[in-house]
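Scroll down for the structure; my scribbles are underneath it.
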Amino acid sequence: MEMSKFILHGDILIMKVKIDGVDYTFSIRWKAPKKPYDETWELVSYAKNSTGEKDLSEEQIRTFMDTVNPKMNWNIADFQK
């Protein structure tokens, strides 16, 4: 998996991602973690660049999301202000 061309617009991050040699565009949204080790990005949408199809398997999407979501022990009090 290769990621490139990142565009941040507010809390949405758009990026180009190559999965198994195929180019996709992903949009993910920042969300404040609610517990330690919680995910901080959620999938908004994705599409294959050449056709606009959404043809990835659940496992491929999960692998992508696991890559962009760090496994950190978040100090939740920082996000509850």
Side-chain angles (χ1 to χ4, degrees):
M1 179 181 313
E2 298 173 31
M3 293 182 259
S4 64
K5 300 185 181 175
F6 300 89
I7 300 170
L8 182 61
H9 182 37
D11 62 350
I12 301 287
L13 179 62
I14 302 166
M15 67 182 78
K16 304 291 182 191
V17 181
K18 187 172 280 205
I19 298 174
D20 297 332
V22 179
D23 292 322
Y24 292 88
T25 298
F26 276 81
S27 297
I28 56 177
R29 178 186 324 265
W30 166 262
K31 66 176 190 135
K34 294 186 171 51
K35 59 186 178 187
Y37 303 104
D38 199 9
E39 296 178 344
T40 53
W41 294 98
E42 60 187 358
L43 180 65
V44 174
S45 67
Y46 82 92
K48 183 189 280 188
N49 290 351
S50 61
T51 62
E53 292 178 87
K54 295 181 175 167
D55 61 355
L56 292 174
S57 69
E58 289 293 321
E59 182 179 332
Q60 288 171 308
I61 293 170
R62 190 174 330 112
T63 299
F64 167 75
M65 293 305 296
D66 286 347
T67 301
V68 298
N69 278 308
K71 306 291 189 241
M72 295 178 60
N73 187 356
W74 298 99
N75 183 356
I76 302 307
D78 290 344
F79 298 99
Q80 297 177 342
K81 294 178 182 180

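The first residue in the sequence is number 1, and the count goes up from there.
- For Lys18, the salt bridge (Lys or Arg N to Asp or Glu O under 4.0 Å) partners are Asp23, not counting sequence neighbours.
- Both Trp30 and Val68 sit in one connected hydrophobic cluster of ILVMFWY residues. Membership requires side-chain heavy atoms under 4.5 Å apart, directly or through other members.
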List the atom pairs, with distances to 0.1 Å, where a side-chain N or O of residues 2-15 and a protein N or O form a donor-acceptor pair under 3.5 Å, not counting sequence neighbours.
none

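- Here Glu59 pairs with Ser57, Arg62, Thr63 under the side-chain contact (heavy atoms from CB on, under 4.5 Å) rule; sequence neighbours left out.
- For the pair Asp20 and Gln60, the tightest heavy-atom approach, listed with the atom from each and the gap, is OD2-NE2, 3.1 Å.
- Applying the side-chain hydrogen bond (donor to acceptor under 3.5 Å, both in side chains) criterion to Lys31, with sequence neighbours excluded, gives no partner residue.
- Here the shortest heavy-atom pairing between Gly52 and Ala47 reads O-CB, 3.8 Å.
- Note that the CZ atom of Arg29 and the CD atom of Glu42 stand 6.0 Å from one another [nearest 0.5 Å].
- In the hydrophobic clustering of this structure, Ile61 groups with Val22; members are Ile, Leu, Val, Met, Phe, Trp, Tyr whose side-chain heavy atoms approach within less than 4.5 Å, directly or through other members.
- Here CD1 of Ile19 is found 5.0 Å from CG of Leu56. Values are rounded to the nearest 0.5 Å.
- Here Thr25 pairs with Lys16, Asn49 under the side-chain hydrogen bond (donor to acceptor under 3.5 Å, both in side chains) rule; sequence neighbours left out.
- Partners of Lys54 under the side-chain hydrogen bond (donor to acceptor under 3.5 Å, both in side chains) rule, at least two apart in sequence or in another chain, do not exist in this structure.
- Considering only heavy atoms from C-beta on, Asp55 comes within 4.5 Å of Tyr24 through its side chain.
- Taking the ring pair (Phe, Tyr, Trp, His ring centres under 6.0 Å) definition, one finds that Phe26 meets it with Tyr46, Phe64, sequence neighbours left out.
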